[in-house]
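Nothing fancy with the numbering, it's 1 onward along the sequence.
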Amino acid sequence: MTRNLCIVLGDQLSQNITSLKNLRKEDDKILMMEVVNEATYVNHHKKKLILIFSAMRHFAEDLKKQGYTVIYSKINNSSNTFTEELVKQCKNTKPKKIVITHPGEYRVLQEIKKWKKIVKIPVSIVEDERFFCNINEFEKWAASKKELKMETFYQMMRKKYNILIDENGKPQGGKWNYDIKNRKRLPKNYPSIPKPLEHKPDNITKQVIEDVKGKFPKHFGNLESFWFGTTHQDAIKSLNEFIENRLELFGPYEDAMAQNEKFLYHSVLSIYLNIGLLEPKQVIDKVLQKKNIPVESVEGFVRQILGWREYIRGIYWLTMPKYSETNYFNAKNNLPEFYWTGKTDMNCMKNCVNQTIQDAYAHHIQRLMITGNFSLIAGINPKQVCDWYLSVYADAFEWVELPNTHGMTLYADGGIVGTKPYAASGNYINKMSDYCKDCKYDVKKKEGEDACPFNYLYWNFFLTNKKKLENNPRLWTVFSNIKKMSKGKRKQIQNDSKNFLIQITKT
Ligand SMILES: Cc1cc2nc3c(=O)[nH]c(=O)nc-3n(C[C@H](O)[C@H](O)[C@H](O)COP(=O)(O)OP(=O)(O)OC[C@H]3O[C@@H](n4cnc5c(N)ncnc54)[C@H](O)[C@@H]3O)c2cc1C
Ligand code: SF4
């Protein structure tokens with residue numbers, strides 16, 4: 001007889017996960033499941049599947065070494081769903097209670113809520129304590145505000161946790177936010193940038209690579225040269241490496257992009273944070289311990305984790321499931337095939353998609369201002385765009401992917417996450433990167449066949465959505481420029497956009 005059957009999901013691989021607290025070695029059992037539906041509900045990148053399954057198998061081995069009983073179902077002989085596997089394991093273990101930490105995705109929560117009826121055993125869903133702000137606290141905070149803004153939330157969190165606050169209760173360095181100092185373009189002769197730590201696959205990972213190769217050969221992405229860490233020790237090494245080598249210049253070049261620099265000064269830690277190999281508090285503590293780092297880098301980094309990451313999660317749980325159904329601009333175009341293949345003449349898009357195919361990674365500005373910006377101004381259907389982001393990035397879990405894509409990037413929520421759509425023309429991309437110099441299109445040209453498509457699509461987007469956006473004070477300059485545009489120019493923009501969109505979205 002089992003007392004508690006404690007379930008650990010693939011993104012809950014933390015030593016301190018709540019469902020494993022008060023665990024009794026003698027009469028509790030741990031259940032971990034690799035199931036087909038979770039691996040296939042979108043076309044997950046092969047490297048993402050390898051990361052999660054390998055990290056799960058390593059975590060299970062660790063628990064076994066500590067003397068716990070772990071029941072583990074591997075993908076090769078597993079059930080289709082969590083529920084099917086649970087039913088099977090409940091028959092074998094006859095637990096008095098099932099304990100599970102609150103899942104990261106709404107879809108999974110709905111499945112768990114049905115378990116009690118199906119297995120006729122009490123199910124306790126315990127809070128995920130790894131976050132700085134729990135779901136109820138965010139709800140209360142949101143209810144007390146007329147308008148939701150990341151910045152207000154972030155300041156509240158800084159004060160609550162006394163992070164980067166001086167003795168007088170003021171923000172260290174005098175400002176709450178150094179975003180203005182986070183926008184430098186990479187200089188021409190920049191010094192070589194150390195790459196993120198590459199971890200050599202061990203026997204467990206090698207087996208997972210074979211399993212994924214055999215079971216999911218048609219999934220997106222390259223599986224060769226797998227280099228992610230898959231244990232807590234690996235993740236800590238990666239964290240230390242980032243702090244030593246890239247944190248100092250993280251701030252100034254946070255928004256920069258470069259053809260030959262996939263990672264720039266970014267941490268590449270979301271892959272570990274999102275599955276529990278690192279905990280946000282641990283990451284921030286370590287970053288704050290490092291001396292002599294410019295404030296724009298420390299604050300910039302803290303803002304991403306304590307601010308954006310927590311805020312995005314709060315918005316997700318506050319607004320689901322309705323959130324995912326909105327389509328503010330009624331965008332209907334199909335996602336172009338080149339999002340999956342990288343076969344396009346737009347050099348910026350080609351670069352971002354190709355590195356995604358290879359590494360299941362792109363940094364924030366590539367996701368927001370290249371692939372995201374394009375899908376916004378090309379009017380691609382939000383569901384198709386969100387499915388793409390959820391598939392192709394190793395760090396993609398719906399709680400963090402959806403508000404970033406649907407809200408911040410596509411403005412499909414009508415302005416819950418962002419105060420204006422992040423639409424940009426080729427000029428912005430040219431200013432922040434070196435993509436344009438090797439592109440077939442001319443970034444300086446605004447119209448005609450060889451003009452940069454971002455240029456006419458940008459204006460076409462605002463012309464199409466004029467009614468919905470013209471009263472937004474942050475878009476005043478855009479619409480005053482539109483007012484000055486001749487009829488002929490507008491027509492040209494609309495024609496160029498129509499022709500281009502027909503070409504790329506006919507699939
Ligand atoms: C369209 C779109 C989709 C995205 N999808 C995801 C996703 O599925 N999973 C994901 O973790 N992030 C997502 N992000 C946010 C961000 O792009 C990634 O967290 C970041 O690129 C991960 O790389 P990094 O670890 O090198 O981050 P760094 O630039 O080094 O930032 C440090 C950490 O801050 C956190 N962070 C930074 N920005 C955000 C943000 N906007 N929201 C939440 N956390 C943030 C991450 O945990 C990240 O590891 C998305 C952003 C956009 C624009
Ligand atoms: S010219 Fe336009 S399409 Fe080409 S790289 Fe620059 S922004 Fe991208």
Side-chain angles (χ1 to χ4, degrees), residues 9-12 37-49 51-52 102-110 128 130-131 135 138 150 219-221 228 266-276 280 304-305 307-328 331 335 339-340 352-353 355-357 359-376 380-413 416-418 421-422:
L9 300 175
D11 58 353
Q12 299 181 339
N37 264 17
E38 293 305 309
T40 56
Y41 73 93
V42 289
N43 182 14
H44 296 293
H45 196 297
K46 295 189 196 85
K47 280 200 171 85
K48 177 182 184 184
L49 293 175
L51 168 73
I52 298 171
H102 194 287
E105 304 201 339
Y106 182 83
R107 176 185 59 80
V108 179
L109 181 64
Q110 299 318 299
D128 189 340
R130 294 173 297 175
F131 291 88
I135 294 168
F138 190 89
M150 195 293 288
H219 272 232
F220 177 77
F228 299 152
H266 291 273
S267 68
V268 195
L269 294 177
S270 54
I271 51 175
Y272 306 126
L273 277 161
N274 293 356
I275 60 173
Q304 304 314 316
I305 297 199
W308 277 112
R309 190 169 186 270
E310 297 285 329
Y311 183 72
I312 285 287
R313 177 176 184 255
I315 293 284
Y316 178 78
W317 286 108
L318 186 72
T319 56
M320 281 297 281
K322 286 207 168 118
Y323 192 79
S324 61
E325 290 155 18
T326 52
N327 184 354
Y328 186 66
L335 189 80
Y339 271 80
W340 301 107
C352 293
V353 175
Q355 84 169 61
T356 301
I357 292 173
D359 286 311
Y361 178 86
H363 62 73
H364 186 67
I365 292 301
Q366 293 174 314
R367 296 188 208 195
L368 182 66
M369 300 311 294
I370 306 289
T371 44
N373 175 24
F374 184 85
S375 58
L376 167 73
I380 316 288
N381 174 272
K383 170 86 177 88
Q384 293 186 26
V385 182
C386 288
D387 279 357
W388 184 79
Y389 278 98
L390 197 54
S391 306
V392 303
Y393 292 112
D395 60 17
F397 294 87
E398 197 187 62
W399 67 266
V400 55
E401 175 277 325
L402 188 77
N404 267 300
T405 310
H406 194 85
M408 185 189 296
T409 305
L410 298 178
Y411 205 80
D413 61 3
I416 296 176
V417 171
Y422 276 96

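The two residues Tyr316 and Tyr106 come nearest to each other via the heavy atoms OH-N, 2.9 Å. Annotation for Thr326 and Ala412: closest pair OG1-O, 3.1 Å, computed over non-hydrogen atoms. Among all heavy-atom pairs drawn from Gly10 and Ile52, the shortest one is O-CG2, 3.9 Å. Scanning both residues, Pro403 and Ile312, for their nearest heavy atoms gives CG-O, 3.6 Å. Between Phe220 and Asn43, the closest heavy-atom pair is N-OD1, 3.0 Å. Minimum interatomic distance between Ser270 and Asp395 (heavy atoms only, all atoms of both residues): OG-OD2, 2.7 Å.
The main-chain N or O of Gly372 is found under 3.5 Å from a side-chain atom of Ser375 such that the two form a donor-acceptor pair. For Lys47 (side chain) and Asp359 (main-chain N/O), no donor-acceptor pair under 3.5 Å exists by modelled atom type. Arg313 places no side-chain N or O within donor-acceptor distance of the main-chain N or O of Trp399, the cut-off being under 3.5 Å.
Between Phe131 and Trp317, the distance from one ring center to the other does not fall under 6.0 angstrom.
Between Ile135 atom CD1 and Phe138 atom CZ the span is 11.0 Å, to the nearest 0.5 Å. Here the CG-CE distance, from Leu402 to Met320, works out to 6.0 Å after rounding to the nearest 0.5 Å. Residue Lys46 holds its NZ atom at 10.0 Å from CD1 of Ile357, rounded to the nearest 0.5 Å. In this structure, NZ in Lys322 is found 15.0 Å from CG in Asp413, a value given to the nearest 0.5 Å. Atom CG of Leu410 and atom NZ of Lys383 lie 13.0 Å apart (nearest 0.5 Å). Rounding to the nearest 0.5 angstrom, the gap separating the CG atom in Asn327 from the CG atom in Asn381 is 6.0 Å.
Leu273 has its side chain within reach of Ile305: a pair of non-hydrogen atoms, C-beta onward, lies under 4.5 Å apart. Side-chain atoms of His45 and Leu51, non-hydrogen and from C-beta on, never get closer than 4.5 Å to each other. Side-chain atoms of Tyr323 and Val417, non-hydrogen and from C-beta on, do get closer than 4.5 Å to each other. For the pair Ile380/Trp388, no side-chain contact is recorded, criterion being any heavy-atom separation below 4.5 Å from C-beta on.
Judged by the 6.0 Å and 45° rule, Lys48 forms a cation-pi pair with Phe397.
Evaluation of the ring-ring contact (aromatic ring centres under 6.0 Å, His included) rule for His266 yields Phe250, His363 as partners, not counting sequence neighbours. For Tyr41, the side chain to side chain contact (heavy atoms under 4.5 Å, CB included) test picks out Glu38, His44, Glu105, Arg107, Leu390, with sequence neighbours left out.
Side-chain atoms of Asn373 and Tyr422 form no donor-acceptor pair, as typed in the model, at a separation below 3.5 Å. There is no side-chain donor-acceptor pair under 3.5 Å between His406 and Ser324.
Ring geometry for Phe374 versus Tyr339: interplanar angle of 30 to 60°, hence tilted.
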Exercise. Which is it for Gln366 and Gln355 under the side-chain contact (heavy atoms from CB on, under 4.5 Å) test, yes or no, and what are the steps along the way?
Worked result: CA-CA 10 Å; Gln366 293 174 314; Gln355 84 169 61; 3.0 Å; yes
For this session: Any chance you could lay out the side-chain contact (heavy atoms from CB on, under 4.5 Å) test for Tyr389 and Glu398, step after step, and finish with the verdict?
Result: CA-CA 9 Å; Tyr389 278 98; Glu398 197 187 62; over 6 Å; no
Exercise. Does the side-chain contact (heavy atoms from CB on, under 4.5 Å) test come out yes or no for Met150 and Met408, once each step is laid out?
Worked result: CA-CA 11 Å; Met150 195 293 288; Met408 185 189 296; over 6 Å; no
For this session: Given side-chain contact (heavy atoms from CB on, under 4.5 Å), test Trp340 with Leu335 step by step and report yes or no.
Result: CA-CA 9 Å; Trp340 301 107; Leu335 189 80; 3.8 Å; yes
